[in-house]
There are 2 protein chains.
Amino acid sequence: MKYITLMNDRSDVKTDKRARSTVRDVATLAGVSEISVSRVMRNAPNISDKLRDKVMEAANALSYTPNRVAGALKNQSSNLVAVVLPSMSNEVFSSVLDGIESVLNDQGLHAVLGLSEYDADRELRVIRELLSWSPMGIILTGLHHRDPIPGMIAQLDIPVVQIMDIEGAPIGSAVGISHSAAAVTAADHLYDKGYRKIGYIGAWSERPERSRARRLAFEARLEERGALLVASLIAEERSSAMVGARATETLRRQHPDIDCIFFANDDLALGGLFHALSAGIDVPGELGLLGFNGIEIGKATPIPLSSIETPRFEMGREAAKLLLSSKDDGNRVMDLSFKISDGKTV
Amino acid sequence: MKYITLMNDRSDVKTDKRARSTVRDVATLAGVSEISVSRVMRNAPNISDKLRDKVMEAANALSYTPNRVAGALKNQSSNLVAVVLPSMSNEVFSSVLDGIESVLNDQGLHAVLGLSEYDADRELRVIRELLSWSPMGIILTGLHHRDPIPGMIAQLDIPVVQIMDIEGAPIGSAVGISHSAAAVTAADHLYDKGYRKIGYIGAWSERPERSRARRLAFEARLEERGALLVASLIAEERSSAMVGARATETLRRQHPDIDCIFFANDDLALGGLFHALSAGIDVPGELGLLGFNGIEIGKATPIPLSSIETPRFEMGREAAKLLLSSKDDGNRVMDLSFKISDGKTV
DNA sequence: CTTCTAATTGTTATCGATGTCAATTGTAAT
DNA sequence: ATTACAATTGACATCGATAACAATTAGAAG
């Protein structure tokens, strides 16, 4: 076996004006070593002002931007944060993402997004792909994840924060609310307001399963108090006001004795409210309506929507903060509180 | 100068079970060369079945995942797409992002997100950071971008798609609607319905400036037709139904003769509608209301909201598609159509 | 003016995957 | 069996930045 070794002829450095410049180019122009350029760009300690000035001048002249890909390869870690959400067509998750980005972007970090579409296989695939970018951390939705996933993350030894739910066994840290506590609060609130024949409306076959857990806890609490969950209607379509309106009409037709409805989310609840307004149903006298999430628009309706307000933006914010500080903090569970909004529909 | 050369002793390969495996580990286990592993993993041509099987077996045994960072460094290009949006707290952009991801995630591509918060300096910074990841393409919002930006992108020679607007000089391809045409359509529609004393409500000091352009085109068209834009009220807060409701009340108090209001977006318009419902104003007889965007919830209100429906999800979808196909396509401008929704508020 | 430590700058090797070109194997035709 | 050529596999260098360590310089102390 014989190979001709091709020597690395770098005499052509920077002859092509279009190619982006590298540490090498900056170093050559500034008359210093490459590592010095690297140090200046990263604000490493122990750099003389003279060196810094030389380097910065050359860097500006060449409008040099460090190549993060190379840096990440060397460091085995990047300034990317993997964010895996179930869906983007739901104001809950865009708010969460907003919260995440509000922290990350100020630190020069960026989210790489993956959507699971509520599908476990897809989630696994997406997580695998995102992890191949050596993110400095990962944010997942929910606490349940298929089996190779926790191991894959452990192997990289990066911080994990799971959002939305805190009831269960988190892989790393968790930021969210107790959905069963929210359900109990909702049940108690409705019971205390005097409602006894209560209905429930959900959608999209109860994805995510958090909403199912919430419904079951709600039902259990009602029984405990001695009230009745007359019926649950879970629509097959995705949540929307229209679906909520239709479901409300259907539920009331099937169970005319229902005096109050708890909805899986505010889109559905607003639909219920709009139906009631159109049909001339007295809210909250004849029919009480309680939503979940506390979205902005519900505050402006003719009768402001009563809802369980959840801190979606804060969830994202705190998750990102926890991720950044988790070197020293270790794994933590953060229970963000919810509250009943001061609406007028119950 | 004398340096001792440290020889590269690789006898310790794979002694640490926690480290993720590499091509080298797979190659060793399979008894083939590293490049062969690489070829199999990438489905390169001219691979014998025997080799493929050996490699796949070893890869599975080690649960090997290729390191994208290394691949991107060598290739000078990644499977990341830089996406720069102004904000995430606006359903318009989450829909757009949803559309983008619906195309990307099926191709194993991922969006790296940056938010400009409607700030040009911040946008520049974010774009610079995202470009340092050698994305395979970039999606920007709007057509106007500060000066180093077009050059920076040209230097990398990657496809650009600009979304939302198509009126101007795009850097690469553009996908969006003509906001001036939308404004004309709105003006004509209102005029044809008989409205003559028309008002306008915007928010947040008219960010983005697209909405300003739309307002001006709207005003111009009204004049052309001989109707009057009685007044414009631009709130300082961000858009929300609450702000829309208050602005509507204010505008009508200041200008009782207004018979119709065109809103910068549906959040504001819904607020207007809610105010009218509460105040017992006859819509559309006493007051017409026209929104912009056509969000889902407006279809379910007691009086369905009339609005200019814009294809936000499709914008994202088409932008992503265009990006992926733009090797052969070159730069294109894609005018997605809008339409007046069949609401009942005008 | 030495001597010694601290501060600063530099050299080399490395992260992991892959393009380039060389080497080898397989296959068919003579 | 030999030659010619295609299919397959492999060795090496490389992408750009940076950790680890070496070397140099500056500054303080004697």
Side-chain angles (χ1 to χ4, degrees), chain A residues 1-10 12-14 19-28 30-52 54-55 59 62 64-79 132-134 156, chain B residues 1-10 12-14 19-28 30-52 54-55 59 62 64-79 132-134 156:
Chain A
M1 280 184 235
K2 229 172 18 164
Y3 290 89
I4 294 165
T5 295
L6 303 176
M7 284 316 292
N8 175 17
D9 177 6
R10 274 326 213 101
D12 61 342
V13 165
K14 208 55 195 157
R20 69 193 281 193
S21 43
T22 70
V23 271
R24 166 171 248 126
D25 302 317
V26 178
T28 305
V32 301
S33 70
E34 298 179 20
I35 187 71
S36 292
V37 175
S38 168
R39 289 197 180 110
V40 170
M41 297 311 291
R42 282 175 296 138
N43 281 314
N46 297 334
I47 301 287
S48 71
D49 289 347
K50 189 148 48 104
L51 182 70
R52 185 187 313 282
K54 276 194 292 188
V55 169
L62 297 173
Y64 165 73
T65 307
N67 184 331
R68 296 286 183 173
V69 178
L73 176 59
K74 180 73 229 242
N75 283 337
Q76 307 284 16
S77 155
S78 66
N79 62 358
S132 74
W133 282 100
S134 305
L156 292 196
Chain B
M1 280 181 233
K2 225 169 31 164
Y3 290 90
I4 295 166
T5 297
L6 303 175
M7 284 314 292
N8 174 16
D9 177 5
R10 275 325 215 104
D12 62 340
V13 164
K14 210 52 198 159
R20 69 193 282 192
S21 42
T22 71
V23 271
R24 167 172 246 126
D25 303 315
V26 178
T28 305
V32 301
S33 70
E34 297 178 21
I35 186 71
S36 292
V37 175
S38 169
R39 289 197 180 111
V40 170
M41 298 310 290
R42 283 175 295 140
N43 282 315
N46 296 334
I47 301 287
S48 71
D49 289 347
K50 189 147 51 104
L51 182 72
R52 184 187 313 282
K54 276 194 291 188
V55 170
L62 298 173
Y64 166 73
T65 307
N67 184 330
R68 297 286 183 172
V69 177
L73 176 59
K74 181 73 227 238
N75 283 339
Q76 308 283 21
S77 155
S78 66
N79 62 358
S132 74
W133 282 100
S134 304
L156 292 196

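Note on naming: letters A, B, ... go to the chains in the order of the sequence lines (proteins, then strands), and numbering restarts at 1 for each one.
- Side-chain N/O atoms of A:S33 include one lying less than 4.0 angstrom from OP1 or OP2 on C:dG10.
- Protein atom CH2 of B:W133 is 12 Å distant from nucleotide atom P of D:dA17, rounded to whole Å.
- Counting distance only, with no hydrogens placed and no angle test, the side-chain atoms of B:R39 and the base atoms of C:dG19 include no donor-acceptor pair under 3.5 Å.
- Below the 3.5 angstrom threshold, one finds no donor paired with an acceptor across the side chain of B:R68 and the base of C:dG16.
- B:V26 approaches B:V55 most closely through the heavy-atom pair CG1-O, 4.0 Å.
- Here D:dA7 presents its P atom at 15 Å from CG of B:D49, a figure rounded to the nearest Å.
- Between B:I47 and B:V40 the shortest heavy-atom distance is CG2-CG2, 4.0 Å.
- Note on B:S36: a side-chain N or O is less than 4.0 Å away from OP1 or OP2 of D:dG10.
- If you take CD of A:Q76 and P of D:dA19, they are 12 Å apart, rounded to a whole angstrom.
- Considering only side-chain N and O atoms, A:N75 lies under 4.0 angstrom from the phosphate OP1 or OP2 of D:dA19.
- Atom CZ in A:R24 sits roughly 10 Å away from atom P in D:dT14 (whole-Å rounding).
- Of the residues listed (B:V23, B:T22, B:D25), the one engaging B:E34 in a side-chain contact (heavy atoms from CB on, under 4.5 Å) is B:V23, and it is the only one.
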Problem - Residue pair A:N67, A:R20: steps toward the side-chain contact (heavy atoms from CB on, under 4.5 Å) verdict - result: CA-CA 9 Å; A:N67 184 331; A:R20 69 193 281 193; 4.2 Å; yes

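- For the pair A:T22 and D:dG16, the criterion of a side-chain N or O lying under 4.0 Å from OP1 or OP2 is not met.
- One atom, CZ of B:R52, and another, P of D:dA7, lie 16 Å apart when rounded to the nearest Å.
- The distance from atom CD1 of A:I47 to atom C1' of C:dA6 is 15 Å, rounded to the nearest whole Å.
- Closest approach to the B:K74 side chain among D:dT9, C:dG16, D:dA17 is made by C:dG16 (side chain taken as heavy atoms from C-beta onward).
- Closest to the A:I35 side chain, of the nucleotides D:dA20, D:dA17, D:dG16, is D:dA20.
- Contact annotation: A:S38 does not reach the phosphate of D:dA17 (side-chain N/O to OP1 or OP2, under 4.0 Å).
- A donor-acceptor pair under 3.5 Å is formed between the side chain of A:S78 and the backbone N or O of A:S134.
- Nucleic acid contact for B:R42: sugar-phosphate only, since backbone atoms but no base atoms lie under 4.0 Å from a heavy atom of the residue.
- In the set D:dT18, D:dT9, C:dA17, the nucleotide with an atom closest to the side chain of B:E34 is C:dA17.
- Listed pair A:N67 / D:dA17 fails the phosphate criterion, with no side-chain N or O lying under 4.0 Å from OP1 or OP2.
- For the OP1/OP2 pair of C:dA7 and a distance below 4.0 Å, the side-chain nitrogens and oxygens of A:S48 include no atom meeting the criterion.
- Atom CG of A:N46 and atom P of D:dA23 are 19 Å apart (whole Å).
- Of the residues near DNA chain D, B:P45 and A:G71, the one whose nearest nucleotide (by heavy atom distance) lies more toward the 5' end is B:P45.
- Between A:L62 atom CG and D:dG16 atom C1' the separation is 15 Å, expressed in whole Å.
- With D:dA20, D:dA17, D:dG16 as the candidates, the nucleotide lying closest to the side chain of B:L73 is D:dG16.
- The 5' end of DNA chain C is approached more closely, in terms of each residue's nearest nucleotide, by B:A70 than by the other of B:K50 and B:A70.
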